[in-house]
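Letters go in sequence order (proteins before strands), and every chain restarts at 1.
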Protein chains: 2
Amino acid sequence: MGVTKTEIFTEQQNRIADLAKAFSHPARVAILQLLIARKACVCGDLVDELELAQATVSQHLKELKRIGIIQGEINPPRVCYCINPEVWEEAQKTFGSLLETFALATSCCN
Amino acid sequence: MGVTKTEIFTEQQNRIADLAKAFSHPARVAILQLLIARKACVCGDLVDELELAQATVSQHLKELKRIGIIQGEINPPRVCYCINPEVWEEAQKTFGSLLETFALATSCCN
DNA sequence: AAAATCAATCGTAAAGATACGATTAGAATC
DNA sequence: GATTCTAATCGTATCTTTACGATTGATTTT
């Protein structure tokens with residue numbers, strides 16, 4: 001079907017999956033890293049740094065905006081993008097606590 | 001094209017994206033959480049807890065195995081799955097350092 | 001040996017994701 | 001007002017993902 005059955009999972013599980021999607025494509029990882037380095041926060045700069053077409057970069061930016069992890073500020077004729085601190089912190093806490101739930105001492109099937 | 005241009009990104013970026021894929025679907029999040037709680041580490045138990053067909057669960061397990069974050073131990077007639085501690089730790093370090101690179105003080109487009 | 005159990009795989013359908021050229025829209029500049 | 005610049009959106013092709021029924025293969029139990 002290609003369609004995720006979101007209704008059978010918890011809100012938390014769906015949100016974790018959505019936040020993870022922000023990092024689940026190397027282009028989006030690269031974009032986020034570039035935004036953090038702040039050498040490039042304008043779409044055109046990102047297009048120059050990545051070997052991807054402008055339309056493709058715009059599409060990735062749209063997805064990152066949908067998740068909420070970046071925000072765009074119109075600064076004509078450009079649009080300046082940056083990390084959304086609240087959502088970034090949410091990601092920190094979410095993945096932090098999720099990854100901590102596993103105690104390394106736990107062994108398999110005992 | 002639907003196909004990612006992995007060759008234009010760094011090894012690190014591609015690995016981050018791959019690790020994030022483990023968490024980018026609520027079913028896989030649920031599976032990992034169940035494996036950590038260790039109330040269910042056998043495929044059949046996971047099928048019982050999730051409202052998904054056995055084939056679908058098996059497919060998600062295969063993807064998690066490909067990433068390396070879980071491992072399967074044959075225990076006939078069952079197969080017991082568990083978290084792979086090394087890769088889990090890799091995920092902890094990877095996401096930990098990535099999420100730390102953003103200093104909250106940084107403001108937008110200045 | 002036959003039947004039962006469990007999980008992987010096959011085949012397939014439908015929807016989503018990735019990528020890009022072309023077009024459009026908005027604003028600034030000439 | 002016309003041109004230029006930037007980025008969003010449209011249209012489209014192709015590949016991937018999600019999901020499930022059915023089948024297969026391996027092992028255990030009868």
Side-chain angles (χ1 to χ4, degrees), chain A residues 1-9 13-14 17-18 20-31 34-35 40-67 70-82 108-109, chain B residues 1-9 13-14 17-18 20-31 34-35 40-67 70-82 108-109:
Chain A
M1 296 161 181
V3 63
T4 299
K5 297 172 86 177
T6 51
E7 69 279 4
I8 67 171
F9 302 105
Q13 287 165 340
N14 284 312
D18 228 30
K21 265 185 203 163
F23 301 97
S24 70
H25 192 285
R28 290 195 287 273
V29 173
I31 288 171
L34 285 169
L35 290 185
C41 63
V42 175
C43 180
D45 297 344
L46 297 172
V47 174
D48 290 343
E49 300 236 24
L50 306 170
E51 299 175 44
L52 290 172
Q54 183 262 324
T56 305
V57 174
S58 235
Q59 209 168 258
H60 282 301
L61 288 170
K62 189 181 180 182
E63 174 68 0
L64 290 170
K65 258 197 295 188
R66 183 193 63 78
I67 294 164
I70 69 169
Q71 55 197 192
E73 184 179 299
I74 295 165
N75 201 348
R78 290 166 234 274
V79 177
C80 170
Y81 286 101
C82 60
C108 187
C109 281
Chain B
M1 296 165 181
V3 63
T4 299
K5 297 172 84 178
T6 52
E7 68 279 5
I8 67 170
F9 301 105
Q13 287 165 340
N14 284 312
D18 228 30
K21 265 185 203 162
F23 300 97
S24 71
H25 192 284
R28 290 194 287 273
V29 173
I31 288 171
L34 285 169
L35 290 185
C41 62
V42 175
C43 180
D45 297 344
L46 297 171
V47 174
D48 291 343
E49 301 237 22
L50 306 170
E51 300 176 43
L52 290 172
Q54 182 262 324
T56 306
V57 173
S58 235
Q59 209 168 255
H60 282 301
L61 289 170
K62 189 181 180 183
E63 174 68 1
L64 290 170
K65 258 196 294 189
R66 183 192 64 76
I67 295 164
I70 68 168
Q71 55 197 193
E73 184 180 300
I74 296 165
N75 202 346
R78 291 164 233 275
V79 177
C80 170
Y81 286 102
C82 60
C108 187
C109 282

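- As judged by a 4.0 angstrom heavy-atom cut-off over every strand, B:Gln59 is placed among the base-contacting residues.
- A:His60 has a side-chain polar atom (N or O) that falls below the 4.0 Å cut-off from OP1 or OP2 of C:dA19.
- Nearest to the side-chain atoms of B:Lys5 among the listed nucleotides D:dT18, C:dC20, D:dA19 stands C:dC20.
- Within 4.0 Å of A:Ile74, counting heavy atoms only, lies no atom of the nucleic acid at all.
- The distance from atom CD1 of B:Ile31 to atom C1' of C:dA7 is 13 Å, rounded to the nearest whole Å.
- Rounded to whole angstrom, the span from the CG atom of A:Leu52 across to the P atom of C:dG21 amounts to 11 Å.
- If you measure from atom CG of B:Leu61 to atom P of C:dC6, you get 16 Å, rounded to the nearest angstrom.
- As a whole-Å value, the separation of B:Glu63 CD from C:dA7 P is 20 Å.
- At whole-Å resolution of the value, CG in A:Asp45 and P in D:dC5 are 16 Å apart.
- Note: CD (A:Gln54) to P (C:dA25) measures 15 Å, nearest angstrom.
- The side chain of B:Ser58 contributes no N or O atom lying less than 4.0 Å from OP1 or OP2 of C:dA7.
- Look at NE2 on A:His25: it is 15 Å from P on D:dC15, rounded to the nearest Å.
- Here the side chains of B:Leu64 and B:Leu35 are not in contact, with every heavy-atom distance at 4.5 Å or above.
- Comparing atom distances between the A:Val79 side chain and each of D:dA7, D:dA19, C:dT18 picks out D:dA7 as nearest.
- Put simply, the side chain of B:Glu63 reaches to within 4.5 Å of the side chain of B:Arg66, judged on heavy atoms.
- Not one side-chain nitrogen or oxygen of A:Lys62 sits closer than 4.0 Å to the OP1 or OP2 atom of D:dA7.
- The shortest side-chain heavy-atom distance between A:Cys82 and A:Gln71 falls under the 4.5 Å cut-off.
- One can place CG of A:Leu64 at 16 Å from P of D:dA7, the figure rounded to the nearest angstrom.
- Counting heavy atoms from C-beta outward, A:Ile8 and B:Leu52 have side chains that approach closer than 4.5 Å.
- Residues A:Leu61 and A:Leu46 form a side-chain contact, since some pair of their non-hydrogen atoms from C-beta on lies under 4.5 Å apart.
- Residue contacts for A:Thr56: at a heavy-atom cut-off of 4.0 Å it reaches a base atom on one of the strands shown.
- A residue-by-residue look at B:Ala53 and A:Arg78 shows that A:Arg78 has its nearest nucleotide of DNA chain D further toward the 5' end.
- Closest contact between the side chain of B:Val3 and the listed nucleotides C:dC20, D:dA7, D:dC15 involves D:dC15.
- Sequence order on DNA chain D of the closest nucleotides to A:Cys43 and B:Ser24 puts A:Cys43 first from the 5' end.
- Of the candidates C:dT9, D:dT17, C:dG21, C:dG21 carries the atom nearest the A:Ala55 side chain, counting heavy atoms from C-beta on.
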